[in-house]
Amino acid sequence: MVLPFRKSLEISFQSIRIRFFRSMITTMSLVLAVSFLSFVLVGTDTANGLLQTQDPKYRQALVRAGYDLEPGATSTGSSAKERWIVILSLLVCVVGIVNAQLMAVTERFREIGTFKCLGALDSFVLRLFVLEAGMQGLAGAGVGALLGTVAALLNSLIRFGLVAWKHVYWLAVAKSIVFAVAIGCVLSLLGVLYPAIVAARMQPVEAMRVEQ
Amino acid sequence: MSNSHNIVRVSGVTKVFKLRKHNVEALRGVDLEIRAGEYLSIMGPSGSGKSTLFNMIGGLDKPSSGKVFIDEVDIAQLDAYELAWLRCRKIGYIFQTFNLIQVMTALENITLPMIFAGIHNDAAVEKGLGLLEVVGLGDRFQHKPSELSGGQQQRVAIARAMANDPAIILADEPTGNLDLTTGEEIIELLKRLSEEKGVTVISATHDFKMLSVSDRVVWIRDGRIDKVEEREQLTISVGEIAPRS
Ligand SMILES: Nc1ncnc2c1ncn2[C@@H]1O[C@H](COP(=O)(O)OP(=O)(O)O)[C@@H](O)[C@H]1O
Ligand SMILES: [Mg+2]
C-alpha cells in the first residue's frame, strides 16, 4: 500500500483549492498572529537602526515612542509586556487552528472513511492533513509576515520620517520575516497534529453512515 | 457454479451496539456461505441488520462474537496493513451515498485505489479511462462529482470499485438514492460486470428490483437469517411479493 509523496501533495493542494473559503478561515487567525509578531520584530529592527546612529535626537524620539532604553544602550529588544502579548496571541492562534481543523475533520468523515475503504493506511490520512496544514501555514504565515512588515515600516516612517528607513538594517528585517514565517508554519503544524490523529484513527465504517 | 469454493464464510456472527441506556442486538447469530462468482442479495426491512452484516463481511467493523472468513482467512487475525490491502485489492465497495471524493475528478477517483495498490500513474490512467468507457461515461473523465447526476456518480463509483479487479463487490443499498429507472440501470450494470468479470457481488438492499438479477437471496429479519432462496425458488415467491412493492 503506497501513496507517493507527489500524489499526496497534489491531493492536499487540490483539497485546499476547492475548499478555499474554509481554508482561508482556518488560516485567518494565523495571518493575524504572524502579522502581529512580524510587526513587533520589524518595529524593533527599525528602532535598532535608529539607535545605531548614536544621535540623541532619535534616542529621545524612541523613548517617547515607548521603548525602554537603558542609558548608553546601542540596541533594544521588544519589551517584556510586548513579548507576552505576542506569545499569548500565538497561543490563541494555535487554539483557533485546532478548533477549525477539528471541525474540518468532522465535516470530512465521509471522505476520510472512503479513503480508508479504498485502502488508505492511517499514515496516508495523517500525511494529507499535515501537508494541507503545512501549505496553509506557509501561505498564511507568508501573507501575515508581509502585512506585519509593511505595517511596521509604515509606522516607523510616520513616526520618525524617512530617516528610519535609511538606517534600518535590512538583513535584520529579512531575518525577522523568515523567523515569523517559520513560527507560523510550526504553529500551523502544531495545531493540526491532534485533529490529524483523530482523522487518521477514523474507522472506515464512517463512510457508510447515512444521515436520516 | 455448484463446485466453486466459498469466498466468504460467516460463522456465528453477532453484533451488539452498546448504547448508554441499552444494548442493540443488530445481529443475533448469522451463518452464511457465499460462493465465488455468485450475485447475492441480502434482503430485509429497514433496521433488520443488513448494513451491519455488510460491514462485517467487508472488514469495516468487527463482530461482537463469531468469525468472518474471506478466502478461508479469518479477517479478525489481519493487522492494519493486511486489512488495508484487503480493502484495496480484494473488495470493491459501493455506497448508497456514492462517496466519490468531491475534490477529485471522475478519473482521479478511479485511479486512487490503483495508486494505493502501487500501480504506476500512466497505467492507472489508462485503465481508469477504460473502466469509464465500460460504465458508459468515457467522455466525462474530467468532471467533478458535483457535475454528475446521481446515476452517473454511482457509475463512477462502480468503476472505482472495479479498479483493482477485486474478487468481491459489496454494495449497500446501491440504488437507495436513485430513481426507479436509474436504479434499474445500475442493477443491470452490476449484473453485467459480475457476469463478464466473474466477481462475486453482494448487495444489501430492500429494493425488490434486485431480485430478478440475484442468484441467491438471503432474507434477514431482526438480525437473523429468515430464509435463503436460490434463483429457481425465487420466481415463485417474487410472484407473491411483487404486488406489495
Ligand atoms: N453504529 C450503531 N450504533 C448503534 N446502533 C446501531 C448502529 N448501527 C446500526 N445500529 C442498529 O442496528 C440495527 C440494524 O441496523 P442496520 O444494519 O443499519 O439495518 P439495515 O441496514 O437493515 O437498515 C438497527 O436497529 C440500528 O438502529
Ligand atoms: Mg442499511
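Sequence lines set the chain letters: A, B, ... in the order given, protein chains first and strands last, and positions in each chain run from 1.
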Item to complete: Let me know if R89(B) has heavy atoms under 4.5 Å from chain A in its side chain, its backbone, both or neither.
Response: neither
Worksheet, complete the sentence: Turns out that what part of F124(A) lies under 4.5 Å from chain B's heavy atoms comes down to side chain
Worksheet item: Where does Y93(B) contact chain A at under 4.5 Å (heavy atoms): side chain, backbone, both or neither?
Response: side chain
Worksheet, complete the sentence: To the nearest 0.5 Å, atom CD of E10(A) lies from atom CG of N121(B) at 7.5 Å
Discussion item. Is Y81(B) in contact with chain A via its backbone, its side chain, both, or neither, using a 4.5 Å heavy-atom distance?
Written reply: both
Discussion item. More than 12 heavy atoms of other residues, nucleotides or ligands under 6.0 Å from CD of Q142(B): yes or no?
Written reply: no
Worksheet item: Should we count NE2 of H143(B) as having more than 12 external heavy atoms under 6.0 Å?
Response: yes
Worksheet item: Nearest heavy-atom pair of I115(B) and P4(A): which atoms, and what distance?
Response: CG2-CD, 3.6 Å
Worksheet item: Looking at side-chain heavy atoms only, is the closest gap between R110(A) and F95(B) below 4.5 Å?
Response: no
Discussion item. Between N99(B) (side chain only) and A207(A) (backbone N and O only), is there a donor and an acceptor less than 3.5 Å apart?
Written reply: yes
Worksheet item: Would you call L60(B) and K116(A) a side-chain contact if the rule is heavy atoms closer than 4.5 Å?
Response: no
Worksheet item: Which one of N177(B), L100(B), T97(B), I91(B) has the most heavy-atom pairs closer than 4.5 Å to chain A?
Response: T97(B)
Discussion item. With a sphere of 6.0 Å drawn around NZ of K67(B), does it hold more than 12 non-hydrogen atoms of other residues, nucleotides or ligands?
Written reply: no
Item to complete: Below 4.5 Å from any heavy atom of chain B, which atoms of I18(A) appear? Answer side chain, backbone, both or neither.
Response: side chain
Worksheet item: Can you tell me how far the OG atom of S15(A) sits from the CD atom of Q102(B), to the nearest 0.5 Å?
Response: 11.0 Å
Item to complete: Using a 4.5 Å cut-off on heavy atoms from C-beta on, say whether the side chain of E108(B) contacts that of I11(A).
Response: no
Worksheet item: For E147(B), does the CD atom have more than 12 heavy-atom neighbours from other residues, nucleotides or ligands under 6.0 Å away?
Response: yes
Discussion item. Using heavy-atom distances under 4.5 Å, tell me whether R19(A) contacts chain B through its side chain, its backbone, both, or neither.
Written reply: side chain
Discussion item. Taking side chain as everything from C-beta outward and backbone as N, CA, C, O, which of these in I101(B) sits under 4.5 Å from a heavy atom of chain A? Side chain, backbone, both or neither.
Written reply: side chain
Worksheet item: Of all heavy-atom pairs between L118(A) and F116(B), which one has the smallest distance, and what is that distance?
Response: O-CD1, 3.4 Å
Discussion item. Heavy-atom count check: over 12 atoms from other residues, nucleotides or ligands less than 6.0 Å from D68(A) CG?
Written reply: no
Practice prompt. Evaluate the criterion side-chain contact (heavy atoms from CB on, under 4.5 Å) for residue pair R17(A) and V103(B); output intermediate values, then yes/no.
Written response: CA-CA 9 Å; R17(A) 205 173 59 91; V103(B) 302; over 6 Å; no
Worksheet item: With a 4.5 Å limit on heavy-atom distance, are the side chains of C88(B) and M1(A) in contact?
Response: yes
Worksheet item: Just wondering, are more than 12 heavy atoms of other shown residues or ligands nearer than 6.0 Å to CZ in R28(B)?
Response: yes
